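Worksheet: the structure to be examined is printed underneath.
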Amino acid sequence: MDERFDVIVIGAGHAGCEAASAAARLGAETALVTLNLDLIGQMSCNPAVGGIAKGHVVREIDALGGIMGRVIDRTGIQFRLLNRSRGPAVRSPRAQADRALYRTEMRRVLEATPNLHLRQGVVVDLIVENNRVVGVELQDSRRFAAKSVVIATGTFLNGVIHTGDKTFSAGRAGEPASIELAESLRRHGFPVGRLKTGTPPRLDGRTIDWDAFTPQDEDTEAVPFSFATEKLGRDKIKCYIGYTTQEVHDAIRGNLHRSPLYSGKIQGVGPRYCPSIEDKVVKFGEKNRHQLFLEPEGTSTNEVYLNGFSTSLPSDLQQELLNLIEGFHDVKIIRPGYAIEYDFVDPRELSPTMATTRMSGLYFAGQINGTTGYEEAACQGFLAGVNAAFSVQGRESFLLGRGEAYIGVLADDLIRHGVDEPYRLFTSRAESRLTLRHDNADERLMEKGREIGLIGDLDWERFSTKRDRIAQLRNALDNTRLKRSSPEYAAVSGLLGTDLGDSITLANLSVRSGVSQEMIAKLLPTELQTDLIASELESAMADSLYSGYVAKQNAANERVNKHDSLKVPSTYRFSNISGLSNEMIERLERARPQTFGQVRTISGLTPAAIATVLVHLTAESAHAN
């Protein structure tokens with residue numbers, strides 16, 4: 001062996017970066033091996049972090065001691081909190097990144113990490129003894145020994161790019177695919193499938209008529225991802241919103257034979273929730289336009305990412321289609337869009353630690369497990385890196401349950417159900433989504449991060465102080481009462497135009513329609529109004545808002561789990577159930593479950609859909625009897 005390490009991580013995308021950072025900071029001598037050290041942390045698709053459920057995951061990673069949240073806070077150029085008008089449980093942070101700065105900052109963070117060694121090279125094979133991985137072999141003949149290996153190869157495993165009738169081997173545009181490693185996994189007996197994803201064209205911002213599009217500004221009060229970030233200070237940019245047209249759709253329909261997605265060249269299954277523009281036009285034929293997001297790649301480049309226009313159509317046709325859109329009449333394409341097919345391994349091969357059950361000492365993280373998205377990859381990398389280090393050190397495995405974190409939901413979904421399409425996380429996948437909020441990720445998980453050894457003293461002290469302040473606010477909301485005789489009662493009652501009873505607690509008042517956070521803040525005890533932090537009061541009020549719903553949700557979950565033997569009639573039509581989405585009906589009809597217990601194990605079925613099916617099956621059973 002040329003070198004020896006405790007842990008080797010293959011691949012330096014978002015999964016690999018989290019895995020390597022976690023393992024090294026836990027004291028394991030760790031090597032991060034990648035094809036190109038200049039592309040560590042590369043954002044292969046859109047230059048953004050977060051989004052619905054995804055933003056929750058980034059905050060969970062940060063609360064546990066991961067690095068993605070800190071890196072995006074330092075390199076983000078537009079921050080927004082999605083779903084501000086909806087309930088706290090489904091609000092989620094999202095940030096546009098300066099792509100080049102994100103990559104540079106991620107490498108800086110990794111290079112400053114003790115015990116972490118960066119190595120450039122192509123891993124072509126696993127070195128296995130007695131069904132245990134003991135190292136890796138590189139294309140240049142180097143051999144590295146390891147006690148644990150994490151594979152986080154993204155789309156590189158046997159990757160093939162499609163643009164029109166042009167097809168070539170690549171991990172992403174301009175970079176070679178990892179063919180030998182893919183063959184090695186097959187040779188060792190891993191069940192391998194094919195998936196597909198894609199990217200849109202990147203445009204020259206100097207050739208865009210920006211006045212034709214609607215600007216999308218950053219939030220006035222931006223929400224950072226890391227609980228350690230006190231202020232976001234980087235230069236900010238605007239994103240823009242536009243739309244396709246019926247003329248564009250007609251042109252796409254007339255050229256579907258030129259799309260490898262419809263000509264039969266692409267066999268892999270693509271992401272349901274991020275379809276190509278060809279898929280949108282075919283599957284949503286009733287729509288005469290589709291939304292586009294113009295996302296600048298950074299503050300020092302003219303390159304613009306056209307979110308919403310993923311395509312594998314020929315590059316000349318991409319240009320023609322864009323020129324049909326108002327504002328793009330003179331636009332120039334810097335990089336055409338393309339589709340990529342790649343290998344993945346059935347994630348039912350995994351344990352909850354991200355370790356494979358087929359071979360000892362081997363862990364998988366990211367798109368190799370059938371997921372899609374930077375955030376889903378990063379949290380898997382974190383789990384794999386922590387557990388790879390723990391296995392070397394003889395420590396007990398680190399696990400997260402479905403009720404503890406979205407990370408636990410993702411891991412459990414993958415291991416129990418596998419995937420039949422690229423997996424994306426949504427808040428609807430979590431039974432406990434009312435308590436798995438982005439704002440309380442530190443309260444849920446930072447103590448665990450401290451226990452495993454990734455939360456330092458400064459962060460722990462900051463968190464402990466914050467936790468005490470929120471506890472005081474919760475106590476004040478529960479125990480501060482407005483009595484009918486008080487002037488505050490009269491003022492609030494008059495403002496709301498309703499009687500509040502003889503007295504009312506601030507907790508009960510806070511959930512009433514028309515009551516704002518600012519109003520509650522003015523009614524708090526005087527000593528709590530001094531130096532009040534709005535986000536902390538918001539968290540305390542969210543607990544009050546959801547307390548009753550959480551109790552009902554827990555009761556509903558218990559009720560669902562007690563009916564596994566309930567029969568599903570062979571002639572039953574799930575399409576007759578109102579309240580089920582087309583996707584849920586499609587999954588149910590395809591699986592044809594015979595019992596409700598089988599319904600609960602169908603991949604991709606949301607808790608809400610499962611509960612809806614139970615109500616109808618119970619009614620059907622009662623009617624039959």
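Quick caveat, the model's predicted, so the values are computed rather than measured. Quick note: numbers below take in every heavy atom, side chains included, and nothing from hydrogens, waters or symmetry partners.
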Quiz item: Distance from Q96 atom CD to N46 atom CG, nearest 0.5 Å?
Solution: 7.0 Å
Quiz item: Do Q78 and C239 come close enough that some side-chain heavy atom pair is under 4.5 Å?
Solution: yes
Quiz item: Does D439 come within less than 4.0 Å of R91, counting only side-chain N to carboxylate O?
Solution: no
Quiz item: Is it true that E421 and R587 make a salt bridge, defined as a side-chain N closer than 4.0 Å to a carboxylate O?
Solution: yes
Exercise. Working to the nearest 0.5 Å, report the span between CG of D217 and OH of Y240.
Key: 8.0 Å
Quiz item: Just checking, any donor-acceptor pair under 3.5 angstrom between side chains of Y243 and Q291?
Solution: yes
Quiz item: Does the side chain of S226 come under 3.5 Å of the side chain of D73 through a donor N or O and an acceptor N or O?
Solution: no
Quiz prompt | D413/R402 salt bridge by N-O under 4.0 Å criterion | solution = yes
Self-check item: N475 side chain vs A471 backbone, donor-acceptor pair below 3.5 Å
Solution: no
Quiz item: Under the side-chain contact (heavy atoms from CB on, under 4.5 Å) test, which residues partner A591, sequence neighbours left out?
Solution: P593, I602
Quiz item: So how far is it from S539 OG to D442 CG, rounded to the nearest 0.5 Å?
Solution: 7.5 Å
Self-check item: Mutual orientation of the aromatic rings belonging to H290 and F284 [parallel < 30°, tilted 30-60°, perpendicular > 60°]
Solution: perpendicular
Self-check item: Greater than 12 external heavy atoms within 6.0 Å of D499's CG
Solution: yes
Exercise. Kindly assign one of parallel, tilted or perpendicular to the pair F79 and F225, based on the angle between their ring planes and the thresholds 30° and 60°.
Key: tilted
Exercise. Any ring pair (Phe, Tyr, Trp, His ring centres under 6.0 Å) involving residues 418-459? Give me the pairs, sequence neighbours left out, ordered by first then second residue.
Key: Y273-F426
Practice problem: Could you tell me whether D457 and R450 have a side-chain N and a carboxylate O separated by less than 4.0 Å? | Solution: yes
Quiz item: Can we say R59 and D62 salt-bridge, meaning some charged N sits less than 4.0 Å from an Asp/Glu carboxylate O?
Solution: no
Self-check item: Pairing residues for F463 by the ring-ring contact (aromatic ring centres under 6.0 Å, His included) criterion, not counting sequence neighbours
Solution: W460
Quiz item: Is the closest side-chain heavy-atom distance between P347 and V419 below 4.5 Å?
Solution: yes
Quiz item: To the nearest 0.5 Å, what is the distance between SG (C274) and CG (D279)?
Solution: 10.5 Å
Practice problem: Kindly indicate whether the side chain of L496, heavy atoms from C-beta on, has any atom under 4.5 Å from the side chain of V492. | Solution: yes
Quiz item: Is there a side-chain contact between S428 and P607 (heavy atoms, below 4.5 Å)?
Solution: no
Quiz item: Under the ring-ring contact (aromatic ring centres under 6.0 Å, His included) test, which residues partner Y489, sequence neighbours left out?
Solution: none
Practice problem: Might you point out which heavy atoms bring L425 and A53 nearest each other, and give the distance in Å? | Solution: O-CB, 3.7 Å
Self-check item: salt bridge (Lys or Arg N to Asp or Glu O under 4.0 Å) between E105 and R70, intermediate numbers included
Solution: CA-CA 10 Å; E105 176 63 14; R70 298 185 186 225; over 6 Å; no
Quiz prompt | Any side-chain heavy-atom pair of I577 and L580 under 4.5 Å | solution = yes
Quiz item: Would you call E518 and K522 a salt bridge, taking side-chain N to carboxylate O under 4.0 Å as the test?
Solution: no
Exercise. Check whether any side-chain N or O of E538 sits under 3.5 Å from a backbone N or O of Q517 as a donor-acceptor pair, and report yes or no.
Key: no
Quiz item: V515 pairs by side-chain contact (heavy atoms from CB on, under 4.5 Å) with which of L506, L509, L523?
Solution: L509
Quiz item: Does some side-chain heavy atom of T606 sit less than 4.5 Å from a side-chain heavy atom of M584?
Solution: yes
Quiz prompt | Side-chain ion pair, R437 and D543, N-O less than 4.0 Å | solution = yes
Quiz item: Crowded around R289 CZ? As in, over 12 foreign heavy atoms under 6.0 Å?
Solution: no
Quiz item: Where does the angle between the aromatic ring planes of F398 and F382 fall among parallel (under 30°), tilted (30 to 60°) and perpendicular (over 60°)?
Solution: perpendicular
Exercise. Write out all pairs satisfying salt bridge (charged side-chain N to carboxylate O under 4.0 Å, His left out) with one or both partners inside residues 485-495, taking only residues at least two apart or from two chains.
Key: none
Quiz item: Above 12 or not: heavy atoms from other molecules or residues under 6.0 Å from CD of E221?
Solution: no
Exercise. Report the distance from atom CD1 of I470 to atom CG of N440, rounding to the nearest 0.5 Å.
Key: 8.5 Å
Quiz item: Does the side chain of F596 reach to within under 4.5 Å of the side chain of L614, using non-hydrogen atoms?
Solution: yes
Quiz item: Side chain of H56, backbone of A89: donor and acceptor closer than 3.5 Å?
Solution: yes
Self-check item: Atom of L400, atom of A405 and distance for their closest heavy-atom approach
Solution: CD1-CB, 4.3 Å
Quiz item: If you look only at pairs with a residue in residues 376-387, which of them pass as a salt bridge (charged side-chain N to carboxylate O under 4.0 Å, His left out), with sequence neighbours excluded?
Solution: K54-E376
Quiz prompt | Check: T480 side chain, L477 main-chain N or O, donor-acceptor pair, under 3.5 Å | solution = no
Quiz item: Any donor-acceptor pair under 3.5 Å linking the side chain of Y374 with the backbone of C45?
Solution: yes
Quiz item: Any luck finding a side-chain donor-acceptor pair between T371 and Q380 under 3.5 Å?
Solution: yes
Self-check item: Polar side chain donor-acceptor pair, R469 to T465, under 3.5 angstrom
Solution: no
Quiz item: Are a donor atom and an acceptor atom from the side chains of N508 and T505 found within less than 3.5 Å of each other?
Solution: yes
Practice problem: Would you mind reporting whether L545 and S510 have side-chain heavy atoms less than 4.5 Å apart? | Solution: no
Quiz item: S486 side chain to K483 main-chain N or O, any donor-acceptor pair under 3.5 Å?
Solution: yes
Quiz item: Looking at E295, E375, E218, which one forms a salt bridge (charged side-chain N to carboxylate O under 4.0 Å, His left out) with R94?
Solution: E295
Self-check item: Heavy-atom neighbours of R573 CZ exceed 12 at 6.0 Å
Solution: no
Quiz prompt | Pair D412 + R429, salt bridge at N-O below 4.0 Å | solution = no
Quiz item: Any donor and acceptor pair, going by atom type alone, linking the side chain of R25 with main-chain N or O of G65 inside 3.5 Å?
Solution: yes
Quiz item: Do the charged groups of D564 and R600 touch, with an N to O distance under 4.0 Å?
Solution: yes
Quiz item: Can a salt bridge be assigned to the pair K448 and E451 using a cut-off of 4.0 Å between side-chain N and carboxylate O?
Solution: no
Self-check item: Heavy atoms of other groups near R86 CZ, more than 12 under 6.0 Å
Solution: no
Self-check item: More than 12 heavy atoms of other groups within 6.0 Å of K466 NZ
Solution: yes
Practice problem: Check for a donor-acceptor pair, side chain of E431 on one end and backbone N or O of G403 on the other, with a separation under 3.5 Å. | Solution: no
Self-check item: Heavy atoms from other residues, nucleotides or ligands near CG of D531 exceed 12 (cutoff 6.0 Å)
Solution: no
Practice problem: Kindly compute the distance separating CG (L588) from CD (E583), expressed to the nearest 0.5 Å. | Solution: 10.5 Å
